[in-house]
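Just below is one structure, and these are the notes that go with it.
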Protein chains: 2
Amino acid sequence: MNDTHHAAPPSTLLDVARQAGVSPSTVSRILNGTARVSDDKRDAVLAAIAHMKFAPNQMAQGLKKGRSMTIGIVVQDISSPFFDESLRGVDDGLKGTGYASVIVSGHWNAQEEEDRIRLLLARKVDGIILLSGRISDQSVLDFSQQRPIVSTGRQIATHNAIGFKMDNEYGAYLAVRHLIELGHRRIAFVAGPSNNSDAAERLTGYEKALREADIALDPKLMAEGDFHEASGMLAMNHLFDTQQQFTAVFAANDLSAYGVRLCLYRKGIRVPDDISLVGFDDLPGSSYTTPPLTTIRQPLYDIGRIATEALLALINGEAVQAAIPPLELVVRETTRRVR
Amino acid sequence: MNDTHHAAPPSTLLDVARQAGVSPSTVSRILNGTARVSDDKRDAVLAAIAHMKFAPNQMAQGLKKGRSMTIGIVVQDISSPFFDESLRGVDDGLKGTGYASVIVSGHWNAQEEEDRIRLLLARKVDGIILLSGRISDQSVLDFSQQRPIVSTGRQIATHNAIGFKMDNEYGAYLAVRHLIELGHRRIAFVAGPSNNSDAAERLTGYEKALREADIALDPKLMAEGDFHEASGMLAMNHLFDTQQQFTAVFAANDLSAYGVRLCLYRKGIRVPDDISLVGFDDLPGSSYTTPPLTTIRQPLYDIGRIATEALLALINGEAVQAAIPPLELVVRETTRRVR
DNA sequence: CTGTTAGCGCATTCAG
DNA sequence: CTGAATGCGCTAACAG
């Protein structure tokens with residue numbers, strides 16, 4: 001079973017010290033730039049390091065320094081374009097810092113999310129970024145006693161935990177107002193899951209825009225989805241099955257807008273000629289749908305990037321001053337003036 | 001600057017031992033099930049653990065046991081649906097194993113990829129999964145001297161490194177044959193980057209299918225893209241600009257097919273009525289394009305999952321027997337018989 | 001400028 | 001069944 005000839009036993013700092021004829025501390029000093037070292041010794045050590053392809057054992061370093069040089073990222077779905085775009089921001093934010101990240105998923109389940117966070121804490125991550133968590137603010141605050149935490153989707157600000165929150169209500173309001181300005185008055189809404197706070201806020205924005213335009217809210221024009229494509233399609237089918245009349249649809253996120261789009265295609269309804277469609281998020285794929293999707297742009301990449309920079313600041317005890325770009329309407333080609 | 005009242009100083013195994021009135025070794029034994037312990041002491045220890053919310057420091061454990069319980073994943077683009085779908089497979093494969101993963105990106109650059117791998121090795125990951133690497137097989141073999149490696153896209157099999165390879169040529173052949181069977185003879189090809197081996201193999205498959213049907217290869221019908229949407233659109237524009245005639249397009253991957261689709265939409269060309277389109281990958285989004293994309297299904301999720309199981313087996317010195325489902329044609333709605 | 005010493009938190013001999 | 005002692009690989013005083 002077990003092969004034992006794995007070759008090249010990883011060399012240690014001690015090996016390097018011996019080979020270079022110096023003490024371990026000298027090697028350590030050179031590695032960390034902790035103190036001045038004479039040129040000849042330095043050269044010898046560097047040569048030994050290169051020769052043995054030595055790289056310090058990060059677990060040992062971490063144990064000693066109390067810093068793992070690792071941060072934890074909690075997402076809810078590791079293969080959703082929504083999270084992945086932010087992860088790219090995190091990745092870029094970490095570039096050149098020496099930090100690596102371990103990514104875990106809460107799968108939209110509060111219990112699992114807490115378990116994962118505990119796992120990260122046991123791994124001694126130096127900080128945590130929470131992307132769209134389900135757990136309570138209080139939990140976050142509790143966890144932040146152990147390690148600094150940056151979270152999206154919540155309004156917190158302590159010495160060890162900060163949160164960024166997008167104004168979902170405003171975004172939805174922008175989307176619907178755009179439709180209203182184009183002359184639409186019968187505007188259907190494919191909502192997100194009611195137990196999701198972002199979804200709830202977007203609903204509020206929808207309502208607000210209608211109210212402001214003196215358009216009566218019609219519950220029959222609203223169908224709940226779950227933020228995925230299939231649910232958008234289902235919701236739309238339901239609207240048609242119940243004979244609703246409308247000239248526009250606002251989907252609570254781009255993914256469900258894709259589903260709506262497919263339903264419309266199946267029914268031979270043209271977009272935007274017959275019906276206008278607006279999404280929310282502006283996922284990378286939304287500029288390449290047919291036709292390109294009008295949507296509310298959420299700065300996903302920036303969120304990841306800024307959260308990372310904020311966390312690094314927290315870790316280093318620096319003051320954090322983070323500003324995330326606001327949501328904005330991106331008019332593409334799925335909306336047009338009602339005839 | 002630095003706040004020092006971070007509260008709840010993480011308790012150690014020694015703290016637990018003291019609180020329970022036993023020796024550290026006893027606590028360790030209970031934690032690891034290493035030896036029998038009397039019930040009363042066990043209860044006391046368990047109580048102390050619960051009371052102090054103790055969780056063993058994984059860095060210390062790792063240093064001691066020589067196992068970090070972490071595996072490294074190397075992708076090329078952290079926010080590409082292609083990789084993310086495989087990452088989901090990895091995530092599921094790791095579930096319940098106690099392993100966590102640190103994901104790094106090589107950004108399609110061999111040098112960066114090697115650097116990242118060295119980083120992972122320095123972090124003492126217990127194994128590495130390489131998703132579509134750019135580095136040479138020899139490099140992989142060299143790295144595998146230090147830790148087991150499972151890689152996709154290559155044909156290797158040593159005691160410490162195994163590779164899984166999809167038959168890209170066959171997949172492309174399937175795609176083009178499908179088009180030919182529908183009566184198409186002027187089939188354009190939007191290739192992938194020529195320095196990418198998958199792309200090269202897909203080109204070979206395209207050529208093979210044409211040859212088999214006695215259709216002369218027309219270089220003017222081929223345009224090189226880079227696997228991204230924009231390049232698909234550009235390539236298609238180029239084909240139109242140079243007045244090429246064709247009734248079908250085979251795009252080397254789904255992303256570029258999306259770009260092709262948009263170009264066609266812009267020109268008012270209907271799919272599949274005027275032109276048929278086939279992609280490659282079957283990304284999650286491809287069932288929701290308008291119309292849903294006919295493509296070659298690549299078992300992305302399974303690849304991640306199976307690679308993970310294989311790696312875990314390698315780590316544990318078990319025999320690995322992995323079989324990845326073959327590529328298959330998924331006929332959806334972007335292809336139809338030529339009129 | 002440099003070597004010696006002492007742990008970081010834990011698992012594992014080795015005695016009892 | 002259980003405690004004392006030792007060391008994983010590295011850094012940080014502490015002396016020179």
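Using a 4.0 Å cutoff on non-hydrogen atoms, the parts of residues 31-40 of chain B near DNA chain D are B:R36, B:V37, B:S38, ordered by number. Using a 4.0 Å cutoff on non-hydrogen atoms, the parts of residues 51-60 of chain A near DNA chain D are A:F54, A:P56, A:N57, A:A60, ordered by number.
Looking at heavy atoms from C-beta onward, B:I128 lies out of side-chain contact with B:V150 at the 4.5 angstrom threshold. Under the 4.5 Å side-chain criterion, counting only non-hydrogen atoms from C-beta, B:L130 is not in contact with B:T152.
Salt bridge annotation for B:D92-B:K95: present, with a cationic side-chain nitrogen under 4.0 angstrom from a carboxylate oxygen. A:R18 has a carboxylate O that lies under 4.0 Å from a charged side-chain N of A:D15, or vice versa, which qualifies the two as a salt bridge. A salt bridge does not link A:D91 to A:R88: none of the charged side-chain nitrogens sits closer than 4.0 Å to a carboxylate oxygen.
Rounded to whole Å, the distance from CG on A:L63 to P on D:dT11 is 11 Å. In this structure, NZ of B:K65 is placed 23 Å from P of D:dT6, rounded to the nearest angstrom. Protein atom CD1 of B:I30 is 14 Å distant from nucleotide atom C1' of C:dA11, rounded to whole Å. Nucleotide D:dG7 holds its C1' atom 16 Å from the CG atom of A:L13, rounded to whole Å. C:dC8 atom P lies 22 Å from atom CE of A:M69, rounded to whole Å. Counting to the nearest Å, the P atom of D:dG9 and the CZ atom of A:R18 are 11 Å from each other. C:dA15 atom P lies 15 Å from atom CZ of B:R29, rounded to whole Å. In this structure, A:R67 places its CZ atom 16 Å from P of C:dG9, rounding to the nearest Å.
At the phosphate of C:dG9, neither OP1 nor OP2 sits under 4.0 Å from any side-chain N or O atom of A:K64. Residue B:S28 has a polar side-chain atom (N or O) positioned under 4.0 Å from OP1 or OP2 of C:dA11. The side chain of A:T26 contributes an N or O atom lying less than 4.0 Å from OP1 or OP2 of C:dG3. Contact annotation: B:Q61 side-chain N/O to C:dA11 OP1/OP2 distance is under 4.0 Å.
The side-chain contact (heavy atoms from CB on, under 4.5 Å) with B:V104 is formed by just one residue from the set B:I117, B:I73, B:I78, B:V74; it is B:V74.
Comparing D:dC10, C:dG3, C:dA11 against the side chain of A:S23 picks out C:dG3 as the nearest.
B:D40 and B:S38 are linked by a side-chain donor-acceptor pair at a separation below 3.5 angstrom, with hydrogens and angles left out of the test. Between the side chains of B:D115 and B:Q111, at least one donor N or O lies within less than 3.5 Å of an accepting N or O.
Among the heavy atoms of the strands lying under 4.0 Å from B:S25 is at least one base atom, whether or not backbone atoms are also near.
Side chain of A:S86 to main chain of A:Y301: no donor-acceptor pair is present (N/O by atom type, distance under 3.5 Å, no hydrogens or angles).
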